[in-house]
Trainee: 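I have a structure I would like to understand better, so I am pasting it below and will then ask my questions one at a time.
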Amino acid sequence: MNVAEFLKPDTWFTAHAGPRYVQLRHRLEEAINMGILPPNSSLPPEREIAEITDLSRVTVRKAIHELVKTGMVEQRQGSGSFVRAPVARVEQSLSHLTSFTEDMKSRGLETTSRWLERGVFLPSPEEMMMLGLPSGSSVARIYRLREAGDQPMALERASLPLDILPNPVEVTVSLYDVLERSGNRPVRAAQKISAVNLTPEDAALLGVAEGAAGLSIQRISYLESGRVVEVTKSVYRGDAYDFVAELRLSD
Ligand code: GLP
């Protein structure tokens, strides 16, 4: 069955069964769940849905907006509304000190970054404390949206002492590669993971619904000498990651 037939109102619209946009939203959800509108397919234009269903464009827009809010549909600038494809989950070990680029490469995925900030700044009191910076020093910051196989995965905000990363712009793909080249790749790290609901801004960047579940991860990495190399605060998509750890009975 095609979408136009599926949306014909005589089979699903009931005058007294609640708001029109809610009924249309449910019908569109059914179309998505049944695969009549498969992942990545585009929804018919608003005008066309309005014609088929005999509903106003305002009602159609409201129904689609609801689906965007739940994350089932995404709006792509200039090209309309699309059914969001479920993301492939990534299993991430908690016991290896690897970089994002390495993690994705081991799964056959190419990584790309969208740069949100990259440069030298005056450190915040928190950065000074966590990185052990002397007063009057600067900090290197890189903030990026990390993507794998064209899928947004995480937002990462890293702060490093300037003598460890004198030129943040040098980081184009992998931060750990750049640190490795200067002999500053961390050898140990402590990581804290907590659950968060994504803020509207973070959700928009990660391409998920506002308030969706996310994992906030803070990594503090050290050199052999015990010096802190990196403090990174990341927000990972909750629907894309499974963190796994091997546990042993201590002796
Ligand atoms: C992981 C860690 C970050 C680290 C990053 C380095 O994502 N959570 O703390 O900065 O890897 O990744 P890459 O070398 O790909 O830039």
Side-chain angles (χ1 to χ4, degrees), residues 87-121 123-124 126-127 129-133 139-196 198 202 205-208 213-224 226-245:
V87 59
R89 291 185 80 91
V90 160
E91 208 164 272
Q92 176 65 55
S93 163
L94 282 175
S95 39
H96 297 113
L97 182 50
T98 47
S99 72
F100 182 85
T101 310
E102 290 162 345
D103 291 339
M104 296 306 136
K105 206 170 169 187
S106 67
R107 297 178 178 88
L109 296 171
E110 275 293 308
T111 54
T112 45
S113 287
R114 216 169 100 198
W115 291 97
L116 302 169
E117 189 176 69
R118 184 170 37 167
V120 177
F121 297 86
S124 67
E126 195 192 9
E127 283 171 324
M129 194 188 70
M130 295 182 86
L131 295 170
L133 301 177
V139 71
R141 265 188 217 151
I142 55 178
Y143 177 32
R144 51 199 166 148
L145 172 69
R146 315 220 57 182
E147 296 154 320
D150 286 338
Q151 187 78 48
M153 299 296 250
L155 284 162
E156 288 202 309
R157 230 183 249 277
S159 306
L160 300 94
L162 204 57
D163 63 308
I164 299 264
L165 185 66
N167 183 12
V169 179
E170 208 190 320
V171 183
T172 49
V173 182
S174 165
L175 168 64
Y176 279 15
D177 271 1
V178 172
L179 295 178
E180 174 116 54
R181 286 203 290 274
S182 60
N184 286 322
R185 185 172 169 140
V187 295
R188 187 170 67 81
Q191 206 157 265
K192 187 168 94 182
I193 305 181
S194 22
V196 286
L198 298 174
D202 289 356
L205 286 165
L206 290 168
V208 293
L215 294 158
S216 154
I217 301 178
Q218 179 179 283
R219 183 185 284 189
I220 306 178
S221 311
Y222 302 85
L223 293 177
E224 195 70 75
R227 182 173 179 204
V228 177
V229 195
E230 146 196 58
V231 173
T232 296
K233 292 184 177 180
S234 318
V235 183
Y236 282 71
R237 283 174 65 156
D239 62 345
Y241 272 88
D242 289 318
F243 285 92
V244 293

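In listed order, ligands and their atoms are each counted from 1.
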Trainee: Suppose I only count heavy atoms of Tyr236 and a 4.0 Å limit; which atoms of ligand 1 are within that range?
Mentor: 7 (O), 8 (N)

Trainee: Looking at atom 8 (N) of ligand 1, what's its closest protein heavy atom, distance included?
Mentor: Glu156 OE2, 2.9 Å

Trainee: Evaluate Asp177 for polar contact with ligand 1, using N/O atom pairs at a separation under 3.5 Å.
Mentor: no

Trainee: Which atoms of ligand 1 are found less than 4.0 Å from any heavy atom of Glu230?
Mentor: 3 (C), 4 (C), 9 (O), 10 (O)

Trainee: Is Arg144 close enough to touch ligand 1? Criterion: a residue heavy atom under 4.0 Å from a ligand atom.
Mentor: yes

Trainee: Are any of the N/O atoms on Leu175, whether in the backbone or the side chain, positioned under 3.5 angstrom from an N/O atom of ligand 1?
Mentor: yes

Trainee: For atom 14 (O) of ligand 1, which protein heavy atom lies nearest, and how many Å away is it?
Mentor: Ser174 OG, 2.5 Å

Trainee: For ligand 1, which atoms have a heavy atom of Tyr176 less than 4.0 angstrom away?
Mentor: 4 (C), 6 (C), 10 (O), 14 (O)

Trainee: Answer whether the closest heavy-atom distance between the side chains of Pro152 and Arg237 falls below 4.5 Å.
Mentor: yes

Trainee: For the residue pair Ile217 and Tyr236, establish whether any side-chain heavy-atom pair is separated by less than 4.5 Å.
Mentor: yes

Trainee: Less than 4.5 Å apart, side chain to side chain, heavy atoms only: is that true for Leu160 and Asn184?
Mentor: no

Trainee: Ligand 1 versus Ala158, non-hydrogen atoms closer than 4.0 Å: side chain, backbone, both, neither?
Mentor: neither

Trainee: What atoms of ligand 1 come closer than 4.0 angstrom to any heavy atom of Thr232?
Mentor: 3 (C), 9 (O), 10 (O)

Trainee: Quick check on Gln191 - does any of its heavy atoms sit under 4.0 Å from an atom of ligand 1?
Mentor: no

Trainee: Taking only heavy atoms of Thr101 into account, list the atoms of ligand 1 that are under 4.0 Å away from them.
Mentor: 13 (P), 15 (O)

Trainee: Determine whether Leu131 and Pro123 make a side-chain contact, defined as any pair of heavy atoms from C-beta on separated by less than 4.5 Å.
Mentor: no

Trainee: Is a side-chain donor or acceptor of Arg144 paired with a backbone partner of Val173 at a separation under 3.5 angstrom?
Mentor: yes

Trainee: Between Glu102 and ligand 1, which part of the residue brings a heavy atom under 4.0 Å of the ligand: side chain, backbone, both or neither?
Mentor: neither

Trainee: Would you mind checking which non-hydrogen protein atom is closest to atom 11 (O) of ligand 1, with the distance to 0.1 Å?
Mentor: Phe100 N, 3.0 Å

Trainee: Less than 4.5 Å apart, any side-chain heavy atom of Arg141 and any of Val139?
Mentor: yes

Trainee: Just jot down the side-chain contact (heavy atoms from CB on, under 4.5 Å) partners of Arg227, sequence neighbours excluded, or say none.
Mentor: Pro161, Asp163, Ile164, Leu223, Ser225

Trainee: Does some side-chain heavy atom of Arg185 sit less than 4.5 Å from a side-chain heavy atom of Leu97?
Mentor: no

Trainee: Is the shortest side-chain heavy-atom distance between Val231 and Glu126 below 4.5 Å?
Mentor: no

